[in-house]
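The structure appears below as C-alpha coordinates.
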Amino acid sequence: AQTVTQSQPEMSVQEAETVTLSCTYDTSENNYYLFWYKQPPSRQMILVIRQEAYKQQNATENRFSVNFQKAAKSFSLKISDSQLGDTAMYFCAFVSAGGTSYGKLTFGQGTILTVHP
Amino acid sequence: GEEVAQTPKHLVRGEGQKAKLYCAPIKGHSYVFWYQQVLKNEFKFLISFQNENVFDETGMPKERFSAKCLPNSPCSLEIQATKLEDSAVYFCASSPQQGMGTEAFFGQGTRLTVV
(Lines give C-alpha, C1' and ligand atoms only; values in the text may rest on other atoms or scores of the structure.)
Protein backbone atom coordinates (compact mmCIF):
# COMPACT_ATOMS: atom_id res chain seq x y z
CA ALA A 1 0.00 0.00 0.00
CA GLN A 2 1.11 3.52 -0.73
CA THR A 3 1.45 6.26 1.85
CA VAL A 4 1.81 10.00 1.37
CA THR A 5 3.14 12.27 4.10
CA GLN A 6 2.94 16.03 4.35
CA SER A 7 4.89 17.04 7.41
CA GLN A 8 3.89 20.72 7.45
CA PRO A 9 0.36 21.20 8.83
CA GLU A 10 0.55 24.96 8.26
CA MET A 11 2.72 27.37 6.31
CA SER A 12 2.61 31.10 5.79
CA VAL A 13 4.26 33.42 3.30
CA GLN A 14 4.25 37.08 2.42
CA GLU A 15 2.68 38.16 -0.82
CA ALA A 16 5.17 38.05 -3.73
CA GLU A 17 7.52 35.74 -1.82
CA THR A 18 8.32 32.10 -2.57
CA VAL A 19 7.20 29.14 -0.49
CA THR A 20 7.88 25.41 -0.71
CA LEU A 21 5.50 22.72 0.51
CA SER A 22 6.96 19.31 1.31
CA CYS A 23 5.66 15.86 0.42
CA THR A 24 7.17 12.41 0.71
CA TYR A 25 5.63 9.12 -0.36
CA ASP A 26 6.27 5.43 -0.11
CA THR A 27 5.54 2.89 -2.83
CA SER A 28 7.01 -0.23 -4.38
CA GLU A 29 5.61 0.66 -7.80
CA ASN A 30 7.63 2.06 -10.65
CA ASN A 31 4.89 3.63 -12.77
CA TYR A 32 2.78 6.24 -11.08
CA TYR A 33 1.70 9.84 -11.08
CA LEU A 34 1.96 12.52 -8.42
CA PHE A 35 -0.30 15.51 -8.03
CA TRP A 36 -0.71 18.65 -6.02
CA TYR A 37 -4.32 19.69 -5.47
CA LYS A 38 -5.48 23.01 -4.06
CA GLN A 39 -8.62 23.18 -1.92
CA PRO A 40 -9.79 26.74 -1.18
CA PRO A 41 -12.55 27.45 1.36
CA SER A 42 -15.11 26.71 -1.37
CA ARG A 43 -13.76 23.10 -0.97
CA GLN A 44 -13.52 22.61 -4.75
CA MET A 45 -10.52 20.39 -5.52
CA ILE A 46 -8.36 22.10 -8.12
CA LEU A 47 -5.46 20.36 -9.82
CA VAL A 48 -2.35 22.52 -9.51
CA ILE A 49 0.32 20.37 -11.12
CA ARG A 50 1.00 16.80 -12.16
CA GLN A 51 4.19 14.75 -12.52
CA GLU A 52 4.65 11.44 -14.31
CA ALA A 53 7.14 9.24 -12.46
CA TYR A 54 8.88 8.16 -15.67
CA LYS A 55 9.74 11.76 -16.55
CA GLN A 56 12.93 13.10 -15.04
CA GLN A 57 12.10 16.69 -15.88
CA ASN A 58 10.30 18.55 -13.13
CA ALA A 59 6.82 19.78 -14.04
CA THR A 60 6.14 23.51 -14.18
CA GLU A 61 2.86 25.42 -14.47
CA ASN A 62 3.32 29.19 -14.46
CA ARG A 63 4.21 30.13 -10.85
CA PHE A 64 4.04 26.53 -9.65
CA SER A 65 6.87 24.05 -10.00
CA VAL A 66 7.86 20.79 -8.38
CA ASN A 67 11.09 19.23 -7.22
CA PHE A 68 10.62 15.53 -7.95
CA GLN A 69 13.27 13.27 -6.46
CA LYS A 70 12.26 9.73 -7.40
CA ALA A 71 15.00 7.91 -5.53
CA ALA A 72 14.27 9.87 -2.37
CA LYS A 73 10.49 9.59 -2.96
CA SER A 74 10.09 13.29 -2.50
CA PHE A 75 7.74 15.64 -4.34
CA SER A 76 7.78 19.25 -3.13
CA LEU A 77 5.76 22.14 -4.54
CA LYS A 78 7.28 25.57 -5.00
CA ILE A 79 5.00 28.56 -5.37
CA SER A 80 6.74 31.67 -6.69
CA ASP A 81 5.42 35.22 -6.46
CA SER A 82 2.74 34.13 -3.97
CA GLN A 83 -0.66 35.75 -4.36
CA LEU A 84 -3.50 36.20 -1.87
CA GLY A 85 -5.57 33.81 -3.98
CA ASP A 86 -3.07 31.04 -3.27
CA THR A 87 -4.39 30.85 0.29
CA ALA A 88 -5.85 27.35 0.56
CA MET A 89 -5.27 23.81 1.76
CA TYR A 90 -2.81 21.95 -0.48
CA PHE A 91 -2.85 18.18 -0.86
CA CYS A 92 -0.15 15.99 -2.30
CA ALA A 93 -1.52 12.83 -3.91
CA PHE A 94 -0.25 9.58 -5.44
CA VAL A 95 -1.93 7.40 -8.03
CA SER A 96 -0.88 4.16 -9.65
CA ALA A 97 -0.56 4.16 -13.44
CA GLY A 98 -2.43 0.90 -13.86
CA GLY A 99 -3.68 -2.34 -12.40
CA THR A 100 -6.43 -2.71 -9.84
CA SER A 101 -5.41 0.49 -8.07
CA TYR A 102 -5.82 2.56 -11.23
CA GLY A 103 -7.01 6.05 -10.52
CA LYS A 104 -7.31 5.58 -6.78
CA LEU A 105 -5.75 8.62 -5.17
CA THR A 106 -3.84 8.38 -1.92
CA PHE A 107 -3.71 11.79 -0.29
CA GLY A 108 -1.38 13.37 2.22
CA GLN A 109 -2.74 15.07 5.32
CA GLY A 110 -2.75 18.49 3.70
CA THR A 111 -0.91 21.75 4.36
CA ILE A 112 -2.79 24.97 5.09
CA LEU A 113 -1.06 27.80 3.25
CA THR A 114 -1.80 31.39 4.22
CA VAL A 115 -0.53 34.25 2.07
CA HIS A 116 -0.25 37.53 3.98
CA PRO A 117 -0.49 40.94 2.32
CA GLY B 1 -21.24 17.25 -19.28
CA GLU B 2 -17.93 19.01 -18.96
CA GLU B 3 -17.82 18.86 -15.20
CA VAL B 4 -18.58 16.40 -12.46
CA ALA B 5 -21.96 17.30 -10.99
CA GLN B 6 -22.80 16.31 -7.43
CA THR B 7 -26.18 16.71 -5.78
CA PRO B 8 -27.26 17.81 -3.30
CA LYS B 9 -24.66 20.32 -2.08
CA HIS B 10 -25.82 19.96 1.49
CA LEU B 11 -27.71 17.17 3.22
CA VAL B 12 -28.85 17.00 6.83
CA ARG B 13 -30.05 13.73 8.30
CA GLY B 14 -31.08 12.61 11.75
CA GLU B 15 -29.10 9.76 13.19
CA GLY B 16 -30.50 6.50 11.85
CA GLN B 17 -31.96 8.03 8.70
CA LYS B 18 -30.92 7.14 5.16
CA ALA B 19 -28.79 9.45 3.03
CA LYS B 20 -28.42 9.25 -0.74
CA LEU B 21 -25.87 11.24 -2.72
CA TYR B 22 -25.64 11.55 -6.50
CA CYS B 23 -22.84 12.09 -8.98
CA ALA B 24 -22.89 12.64 -12.74
CA PRO B 25 -19.37 12.06 -14.11
CA ILE B 26 -17.90 13.87 -17.09
CA LYS B 27 -19.29 12.43 -20.31
CA GLY B 28 -16.94 9.86 -21.77
CA HIS B 29 -15.11 9.16 -18.53
CA SER B 30 -14.98 5.46 -17.68
CA TYR B 31 -14.02 5.66 -14.02
CA VAL B 32 -15.90 7.10 -11.06
CA PHE B 33 -14.47 7.42 -7.56
CA TRP B 34 -16.02 8.29 -4.21
CA TYR B 35 -13.99 9.85 -1.40
CA GLN B 36 -14.94 10.88 2.10
CA GLN B 37 -13.29 13.99 3.59
CA VAL B 38 -13.79 14.17 7.32
CA LEU B 39 -13.42 17.25 9.50
CA LYS B 40 -9.67 16.75 9.95
CA ASN B 41 -9.47 17.17 6.18
CA GLU B 42 -8.23 13.64 5.63
CA PHE B 43 -9.44 11.96 2.47
CA LYS B 44 -10.59 8.38 2.60
CA PHE B 45 -11.14 6.38 -0.59
CA LEU B 46 -14.47 4.55 -0.55
CA ILE B 47 -15.14 2.88 -3.89
CA SER B 48 -14.47 3.12 -7.62
CA PHE B 49 -16.37 2.02 -10.70
CA GLN B 50 -15.31 1.18 -14.22
CA ASN B 51 -18.45 2.09 -16.12
CA GLU B 52 -21.21 0.29 -14.20
CA ASN B 53 -18.93 -2.32 -12.64
CA VAL B 54 -17.38 -2.05 -9.19
CA PHE B 55 -13.63 -1.70 -9.75
CA ASP B 56 -12.28 -1.32 -6.23
CA GLU B 57 -14.42 -1.37 -3.08
CA THR B 58 -11.69 -1.81 -0.50
CA GLY B 59 -12.62 1.41 1.31
CA MET B 60 -16.33 0.79 1.71
CA PRO B 61 -17.84 0.16 5.15
CA LYS B 62 -20.09 -2.52 3.75
CA GLU B 63 -22.61 -2.78 6.57
CA ARG B 64 -24.25 0.56 5.86
CA PHE B 65 -22.70 1.96 2.68
CA SER B 66 -23.62 0.97 -0.85
CA ALA B 67 -23.01 2.50 -4.26
CA LYS B 68 -24.15 2.06 -7.84
CA CYS B 69 -23.36 3.36 -11.30
CA LEU B 70 -26.12 2.34 -13.67
CA PRO B 71 -26.23 3.11 -17.40
CA ASN B 72 -27.87 6.42 -18.29
CA SER B 73 -28.27 7.40 -14.64
CA PRO B 74 -26.17 9.39 -12.16
CA CYS B 75 -24.01 7.29 -9.88
CA SER B 76 -25.20 7.11 -6.28
CA LEU B 77 -23.79 6.57 -2.82
CA GLU B 78 -26.25 5.48 -0.16
CA ILE B 79 -25.77 5.34 3.57
CA GLN B 80 -28.34 3.36 5.52
CA ALA B 81 -28.89 4.22 9.19
CA THR B 82 -26.52 7.17 9.30
CA LYS B 83 -24.29 7.72 12.31
CA LEU B 84 -22.79 10.94 13.69
CA GLU B 85 -19.37 9.79 12.43
CA ASP B 86 -20.66 9.79 8.83
CA SER B 87 -20.72 13.59 8.92
CA ALA B 88 -18.24 14.60 6.22
CA VAL B 89 -17.92 15.99 2.73
CA TYR B 90 -18.32 13.29 0.10
CA PHE B 91 -16.50 13.89 -3.15
CA CYS B 92 -17.06 12.19 -6.45
CA ALA B 93 -14.38 12.24 -9.14
CA SER B 94 -14.15 10.84 -12.64
CA SER B 95 -11.24 9.86 -14.89
CA PRO B 96 -10.89 8.78 -18.50
CA GLN B 97 -10.05 5.19 -19.41
CA GLN B 98 -6.66 3.72 -18.57
CA GLY B 99 -3.84 4.82 -20.81
CA MET B 100 -5.38 8.23 -21.41
CA GLY B 101 -4.07 9.97 -18.32
CA THR B 102 -5.00 9.53 -14.72
CA GLU B 103 -6.06 13.02 -13.73
CA ALA B 104 -9.16 12.90 -11.56
CA PHE B 105 -11.75 15.63 -12.04
CA PHE B 106 -13.62 16.38 -8.84
CA GLY B 107 -17.14 17.49 -8.20
CA GLN B 108 -17.87 20.18 -5.63
CA GLY B 109 -18.77 17.66 -2.98
CA THR B 110 -21.83 16.97 -0.85
CA ARG B 111 -21.64 18.05 2.78
CA LEU B 112 -23.50 15.49 4.90
CA THR B 113 -24.37 16.51 8.43
CA VAL B 114 -25.80 13.87 10.72
CA VAL B 115 -27.52 15.31 13.79
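All chains are named by letter (A, B, ...) in the order of the sequence lines, taking the proteins before the strands, and each is independently numbered beginning at 1.
Of the atoms belonging to A:Q39, it is side-chain heavy atoms, and not backbone ones, that fall under 4.5 Å from chain B. At a 4.5 Å heavy-atom cutoff, the contact between B:F91 and chain A is made by side-chain atoms alone. When heavy atoms are compared at a cutoff of 4.5 Å, A:M45 approaches chain B by way of both its backbone and its side chain. For B:D56, the part lying under 4.5 angstrom from a heavy atom of chain A is the side chain only.
Between A:F94 and A:Y32, a ring centre-to-centre spacing shorter than 6.0 Å is recorded.
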Item to complete: Carefully, step by step, assess A:L77 and A:T111 under the rule side chain to side chain contact (heavy atoms under 4.5 Å, CB included).
Response: CA-CA 11 Å; A:L77 173 70; A:T111 297; over 6 Å; no

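Here B:D86 does not pair with B:R13 in a salt bridge; the nearest charged N to carboxylate O distance is not below 4.0 Å.
Partner of B:F55 under the side chain to side chain contact (heavy atoms under 4.5 Å, CB included) criterion, out of B:Y31, B:F49, B:F33: B:Y31 alone.
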